[in-house]
Engineer: 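What follows is a single structure, and I will ask about it in a moment.
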Amino acid sequence: MIEYKKFILKNGLTLITHCDKSSPIAVVNVLYKVGARDENPEKTGFAHLFEHLMFSGSKNVKSFDGELQIAGGENNAFTCNDYTNYYISLPKENIETALWTESDRMLYPNITQQNIDTQRSVVIEEFNQRYLNMPYGDVWLLLRPLAYKIHPYRWATIGKNIEHIKNATLDDVKRFFDLYYSSGNAIISIVADIEHEKIYELVEKWFGSIPDRPHVQRQLPAEPQQMKLRTLEVERNVPLTHLYKAYKMCNRSNPDYYVCDLLTDILSSGKSSRLYHNLIKNTDLFAGANAFISGDIDAGLLIVSARLLPNADIKKAEAAIDSELEKMRTEKVNEYELEKVKNKIESSQIYSETSIMNKAMCLGYYEMLGDIDLINGELKYYRAITADDIMRVSKNVFCDERCSVLYYKSTVSK
């Protein structure tokens, strides 16, 4: 049980606190409710670019990393389609260093043409290395626009087109900051061996005077229901052919989200899972197979992927996968199989609660979802899932008309 308190500052900033006496380390997590889905379709990649820019210093903090290192701290950040997250861990005695640096860059980030040019080069190099020159790096650049036609999930966090970052102007970047990086669009979650009210006083000291700005209320276009199978075939100089089958699933707030998560564990969690036992172990087609959900807040994807052995026929491999998915649609899973994956999820959750970093991130994340009590209550949704639920959701999700298939063929293993 994670006990917490929630405060709302006058400037709209949300603060979540948790007193953890098990560690001398404090974690300060700052979540901004802006991700790739909030971008202009003609100016994509800005959320990710801005993550880099936020480490370029601010008015009173010339070296963000330097100040935190002096205080014995570490920090990093990540961007996804739904939000951007910054986190710091440091000795609790130095927590004000974290609050000072974060408040200064919330108010006075060093957005200059020189910094934009520097970070633009970093992002372009990252795009080249991770997406173009790495084997299978462009999979999401292909799969997202295949699965989505209207919703902004149709591009990855790096952007729809790297030219958008190459052409980003100083005014473009400043406008993005003004729209999304405001106190009212941020959630700070802090885990430390410090009393709730004391943390509130410190956050009020460093953030309370930051004026809020009007921020954009999300009005994203809904993705139309997919009515027919979509396919894309590409050839790449990669070691093995891969197959990706992406099925449309519900959004994060739908109870069936947990069913989708659980059924992917039935399919591919561990060596006793169905895909491992029936496809990898008992056929000569597969080098590996996996099933997972994208975890998006809006309607996401349930993806079944497979790595084929050299010379394996891709159509036979796909038919073997489809046969396993058809079993999920037509045959109830047995209680032992269901209980096994539920126990894995429960043990994983219990273990995750030992990490103060994970607790800080989760408090911010669930608050962003609009139901922070999920940090203590999600397990009941998994525990309530029945074999009938698994079959019902499988029937709804595993349909050709809801599927987008990427045939990622190797020119090496022919």
Engineer: If I compare all heavy atoms of L263 with all of V393, which pair ends up nearest, and what's the gap?
Structural biologist: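 Taking every non-hydrogen atom into account, CD2-CG1, 4.1 Å.
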
Engineer: Between E353 and K359, does any NZ, NE, NH1 or NH2 come within less than 4.0 Å of an OD or OE carboxylate oxygen?
Structural biologist: no

Engineer: Among all residues two or more places apart in sequence or in another chain, which pass the side-chain contact (heavy atoms from CB on, under 4.5 Å) test with S348?
Structural biologist: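 Counting only residues at least two positions away or on another chain, S348 forms no side-chain contact (heavy atoms from CB on, under 4.5 Å).
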
Engineer: Can you list everything that forms a side-chain hydrogen bond (donor to acceptor under 3.5 Å, both in side chains) with D178? Sequence neighbours excluded, please.
Structural biologist: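 D178 satisfies side-chain hydrogen bond (donor to acceptor under 3.5 Å, both in side chains) with no residue once adjacent residues are dropped.
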
Engineer: Go through the steps to decide whether K21 and E195 satisfy the test salt bridge (charged side-chain N to carboxylate O under 4.0 Å, His left out), and finish with yes or no.
Structural biologist: CA-CA 10 Å; K21 298 185 179 298; E195 294 304 317; 3.4 Å; yes

Engineer: Any carboxylate oxygen within less than 4.0 angstrom of a Lys/Arg side-chain nitrogen, looking at K10 and E204?
Structural biologist: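 E204 and K10: not salt-bridged.
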
Engineer: Evaluate the ring planes of F127 and Y131, with Trp represented by its six-membered ring, and classify them as parallel (under 30°), tilted (30 to 60°) or perpendicular (over 60°).
Structural biologist: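 Rings of F127 and Y131: parallel, under 30°.
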
Engineer: List the atom of T264, the atom of I293, and the distance in Å for their closest heavy-atom pair.
Structural biologist: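 Residues T264 and I293, closest heavy atoms: CG2-CG2, 4.0 Å.
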
Engineer: Answer yes or no on whether K248 is positioned over the face of Y148, meaning its NZ or CZ is under 6.0 Å from the six-membered ring centre and within 45° of the axis.
Structural biologist: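 Yes, K248 and Y148 form such a contact.
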
Engineer: Salt bridge or not between R383 and E346? Use side-chain N to carboxylate O under 4.0 Å.
Structural biologist: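 Salt bridge: yes.
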
Engineer: Using only atom types and a distance under 3.5 Å, with no angle test, would you say the side chain of N167 pairs donor to acceptor with the backbone of E163?
Structural biologist: yes

Engineer: Have a look at R236 and tell me which of D138, T411, T241 forms a side chain to side chain donor-acceptor pair (under 3.5 Å) with it.
Structural biologist: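 Checked D138, T411, T241 against R236; only one passes side chain to side chain donor-acceptor pair (under 3.5 Å): D138.
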
Engineer: Using a strict 4.0 Å threshold on nitrogen-to-oxygen distance, state whether E318 and K245 make a salt bridge.
Structural biologist: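 So E318 pairs with K245 through a salt bridge.
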
Engineer: Does one side chain, of W100 or E67, offer a donor that lies under 3.5 Å from an acceptor on the other?
Structural biologist: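 Looking only at side-chain atoms, E67 and W100 do not form any donor-acceptor pair under 3.5 Å.
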
Engineer: Enumerate the residue pairs fulfilling ring-ring contact (aromatic ring centres under 6.0 Å, His included) with a member in residues 259-279, sequence neighbours excluded, ordered by first and then second residue.
Structural biologist: none

Engineer: Decide whether a cation-pi geometry holds between R213 and F177; the criteria are a distance under 6.0 Å from NZ or CZ to the six-membered ring centre and an angle within 45° of the ring axis.
Structural biologist: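 Verdict for F177: a cation-pi partner in R213.
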
Engineer: Looking at every heavy atom in both A147 and S404, which two are closest together, and how far apart are they?
Structural biologist: CA-OG, 3.4 Å

Engineer: Kindly give the heavy-atom pair with the smallest separation between T44 and N161, and that separation in Å.
Structural biologist: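 The answer is OG1-N, 3.8 Å.
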
Engineer: Check whether F55 forms a cation-pi arrangement with R105 (NZ or CZ under 6.0 Å from the six-membered ring centre, at most 45° off the ring normal).
Structural biologist: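 Here R105 passes the 6.0 Å and 45° test against F55.
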
Engineer: Taking the side chain as everything from C-beta on, heavy atoms only, tell me whether I297 gets closer than 4.5 Å to Y153.
Structural biologist: yes

Engineer: Tell me, with the steps shown, if Y247 and I303 meet side-chain contact (heavy atoms from CB on, under 4.5 Å).
Structural biologist: CA-CA 6 Å; Y247 294 89; I303 297 151; over 6 Å; no

Engineer: Going by atom types alone, do N60 and D104 pair a side-chain donor with an acceptor below 3.5 Å?
Structural biologist: yes

Engineer: Measuring from atom CD1 of I116 to atom CG of D172, what distance do you get when rounded to the nearest 0.5 angstrom?
Structural biologist: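 It comes to 8.5 Å.
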
Engineer: Take atom CZ of F78 as the centre, draw a 6.0 Å sphere, and report whether it contains more than 12 heavy atoms from other residues, nucleotides or ligands.
Structural biologist: yes

Engineer: Say whether S22 and D20, considering side chains only, have a donor N or O and an acceptor N or O under 3.5 Å apart.
Structural biologist: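 S22 vs D20: donor-acceptor pair found between side chains.
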
Engineer: Between K228 and D400, does at least one N-O distance fall below 4.0 Å, as a salt bridge requires?
Structural biologist: no

Engineer: Look at atom CD of Q113 and say whether more than 12 heavy atoms of other residues, nucleotides or ligands are closer to it than 6.0 Å.
Structural biologist: yes

Engineer: Should the pair E324-K327 be classified as a salt bridge under the 4.0 Å nitrogen-to-oxygen rule?
Structural biologist: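 A salt bridge links E324 with K327.
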
Engineer: Please report the closest heavy-atom contact between I321 and L279, naming both atoms and the distance.
Structural biologist: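 Shortest heavy-atom contact: CG1-CD1, 3.9 Å.
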
Engineer: Could you walk me through whether F46 and F50 pass ring pair (Phe, Tyr, Trp, His ring centres under 6.0 Å), step by step?
Structural biologist: CA-CA 6 Å; F46 274 59; F50 218 91; 8.8 Å; no

Engineer: Give the ring-plane orientation class for Y86 versus Y181, where under 30° counts as parallel, over 60° as perpendicular and anything between as tilted.
Structural biologist: perpendicular

Engineer: Any side-chain donor paired with an acceptor under 3.5 Å for K315 and Y407?
Structural biologist: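 Looking only at side-chain atoms, Y407 and K315 do form a donor-acceptor pair, the distance falling under 3.5 Å.
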
Engineer: Would you say NZ of K198 has more than 12 non-hydrogen atoms from neighbouring residues, nucleotides or ligands within 6.0 angstrom?
Structural biologist: no

Engineer: Distance alone, cut at 3.5 Å: any donor-acceptor contact between the side chains of Y382 and D261?
Structural biologist: yes

Engineer: Does a salt bridge link D265 with K340, judged by any charged N lying under 4.0 Å from a carboxylate O?
Structural biologist: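 Result for this pair is no, no salt bridge flagged.
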
Engineer: Hey, is E233 close enough to K409 for a salt bridge, meaning N to O under 4.0 Å?
Structural biologist: yes

Engineer: Between atom CG of N81 and atom NE2 of H48, what is the distance when rounded to the nearest 0.5 Å?
Structural biologist: 12.0 Å

Engineer: Distance only, no hydrogens: is a donor on one side chain within 3.5 Å (strictly under) of an acceptor on the other, for T169 and D171?
Structural biologist: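 Note: T169 and D171 side chains miss the donor-acceptor criterion.
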
Engineer: Among R37, R218, R154, which residue meets the salt bridge (charged side-chain N to carboxylate O under 4.0 Å, His left out) test with D298?
Structural biologist: R37

Engineer: Mind running side chain to side chain donor-acceptor pair (under 3.5 Å) on T97 and N94 for me, showing each step along the way?
Structural biologist: CA-CA 6 Å; T97 300; N94 297 332; 5.3 Å; no

Engineer: On the ring face of Y257, is R252 found with NZ or CZ under 6.0 Å from the centre and within 45° of the axis?
Structural biologist: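 Pair R252/Y257 counts as cation-pi.
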
Engineer: Would Y87 and E74 count as having a side-chain donor-acceptor pair, cut-off 3.5 Å?
Structural biologist: no

Engineer: A side-chain contact here means heavy atoms from C-beta on lying under 4.5 Å apart; do V333 and R274 qualify?
Structural biologist: yes

Engineer: Roughly how far apart are T386 OG1 and L338 CG, rounded to 0.5 Å?
Structural biologist: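 It comes to 7.5 Å.
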
Engineer: Measure across N11 and S183 and return the closest heavy-atom pair with its distance rounded to 0.1 Å.
Structural biologist: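 Smallest heavy-atom distance, with atoms named: O-OG, 2.9 Å.
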
Engineer: With side chain to side chain donor-acceptor pair (under 3.5 Å) as the criterion, how do N110 and S58 come out once you've worked through the C-alpha distance, each side chain's angles and the decisive distance to 0.1 Å?
Structural biologist: CA-CA 5 Å; N110 197 8; S58 54; over 6 Å; no

Engineer: Would you compute the distance between atom OH of Y108 and atom OG of S103 and round it to the nearest 0.5 angstrom?
Structural biologist: 9.5 Å

Engineer: Do the rings of Y408 and Y244 sit parallel, tilted or perpendicular, given the 30° and 60° boundaries?
Structural biologist: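 Perpendicular.
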
